[in-house]
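Whatever order the structure lists ligands and atoms in, that order sets their numbers, starting from 1.
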Amino acid sequence: MNEDQARDERTSGGVSPGPVRLRRLRFSPGMRALVKETDLLASDLIYPLFIRPGVGVKKPIVSMPGQFQWSPDTVVEEAAAAAELGVPAVILFGIPDFKDSCGSGNLDPDGPVPSATRALKKELPELVVMSDMCFCEYTEHGHCGAVNLAAEAHYRADLPEGYLLNDHTLELLGRASVVHASAGADVIAPSGMIDGMVGAIRAALDAAGQEHIAIMSYAAKFASAFYGPFRDAAESPPQFGDRAQYQMDPANWRQALREVELDVAEGADIVMVKPAMPYLDVIRAVRAACNLPLAAYQVSGEYSMIHAAAANGWLDLQGCALESLVGIRRAGADMIITYFAKDVARWLA
Ligand SMILES: [Zn+2]
């Protein structure tokens, strides 16, 4: 003991606190439960479901173990099972039989998503049905809206060939949103990163007397390699080019805040960050900057890589799935779209 330490000892009455022992807070399950800062509940989860036309369809998606393409009749059973376990919401993606250059299948009131929505709301009126609103599943070129092609009526010689026609797409989004809301969708969720999409959809819904329908905007959606398995599932890869002209550069987080600000100003009710795990800092930043409810999308690649590693015996499926979701909640997401929704609800029950 040197002189300073001796003086400290005297002035503190000779009592040394010893090492800080945070392990006291982890000693028993009860203590750990008391100090837990973040919870993960079935009621935080949104279950994504793929709908194709037909009857009796339950087609496995090879790159997403445990996930299927459903028809409007079979999806009711799957959604009911999730709802029974406490999952409050589903989000629907359509896989139409026919595609064209402007995605007109998305305007069809008897298309897969409106048909499934009607079936779900009839059998499960309490279930929140969200409709993913984009054109990439409905266009033969796989882009998220109308594209500038010389053969098309809306061709503009002043814009580059292959350019996604923003404002023409806004009109289409508004019309399709009214169709999906008329079928019973509670939430329209525009996912195409088209400038002005939230405002255009809000205006179209309001003009159609659907002012009670909420908008959940894919506000900060990144051009991510983690979407790979989804493109198998939704049969919607772009046939030329990529989506980097409208989806965000993974390098940018300040721009994500601008995207969120604009969507809030246009009337979004919920904003989203997608994907989740590689963008936890963006979720945290949006949480700090914005008071709207915040959703995060744990995308297909995040799901499939945990499954693939588990299938090889390299990771524990349940442990990694739960930890990945708690991490997303801890970053600041109020709700999570995840293919694990039904499994997690069962594990938590
Ligand atoms: Zn799209």
Side-chain angles (χ1 to χ4, degrees), residues 46 48-52 61 64 69 91-96 98-108 111-114 130-149 162-177 179-180 185 187-198 200-201 204 215-250 256 259 263 268 271-276 279 295-301 337 339:
I46 302 166
L49 295 164
F50 299 94
I51 315 293
R52 63 182 319 143
I61 300 166
M64 300 174 68
Q69 295 177 344
I91 185 165
L92 305 182
F93 298 85
I95 306 156
F98 113 104
K99 304 189 184 211
D100 61 14
S101 64
C102 63
S104 60
N106 199 17
L107 304 170
D108 179 1
V113 170
M130 302 179 161
S131 173
D132 175 83
M133 179 49 60
C134 198
F135 281 88
C136 44
E137 296 122 57
Y138 301 88
T139 53
E140 56 204 4
H141 45 67
H143 282 284
C144 296
V147 167
N148 203 35
L149 299 170
Y163 181 74
L164 189 126
L165 291 168
N166 198 92
D167 297 11
H168 182 56
T169 299
L170 291 181
E171 187 213 319
L172 295 173
L173 283 169
R175 286 166 53 198
S177 297
V179 169
H180 290 222
V187 178
I188 301 295
S191 59
M193 293 296 285
I194 310 301
D195 288 330
M197 64 185 184
V198 172
I201 290 172
I215 296 176
M216 176 169 75
S217 177
Y218 288 64
K221 179 177 179 179
F222 291 85
S224 172
F226 286 90
Y227 302 149
F230 178 96
R231 288 175 186 167
D232 282 355
E235 302 174 7
S236 62
Q239 299 303 304
F240 56 83
D242 56 32
R243 295 176 179 144
Q245 278 194 2
Y246 39 101
Q247 296 179 353
M248 284 189 57
D249 184 335
E259 288 281 1
D263 286 0
V271 291
M272 190 199 302
V273 174
K274 177 185 182 183
Y279 299 91
Y297 197 144
Q298 182 182 53
V299 303
S300 58
I337 303 174
Y339 301 97

Within the 2.8 Å cut-off the protein N, O or S neighbours of the Zn ion (ligand 1) are Cys134 SG, Cys136 SG, Cys144 SG
Give a yes-or-no answer on whether the side chains of Asn166 and Tyr246 include a donor-acceptor pair shorter than 3.5 Å.
no
Would you mind reporting whether Tyr297 and Lys221 have side-chain heavy atoms less than 4.5 Å apart?
no
Any side-chain heavy-atom pair of Ile61 and Pro229 under 4.5 Å:
no
Taking every non-hydrogen atom, the tightest pair across Ile194 and Cys144
CD1-O, 4.2 Å
What is the distance from atom NZ of Lys99 to atom OG of Ser104, rounded to the nearest 0.5 Å?
12.5 Å
Scan Leu92, Ile95, Ile51, Asn106 and name whichever one has a side chain to side chain contact (heavy atoms under 4.5 Å, CB included) with Pro112.
Ile51
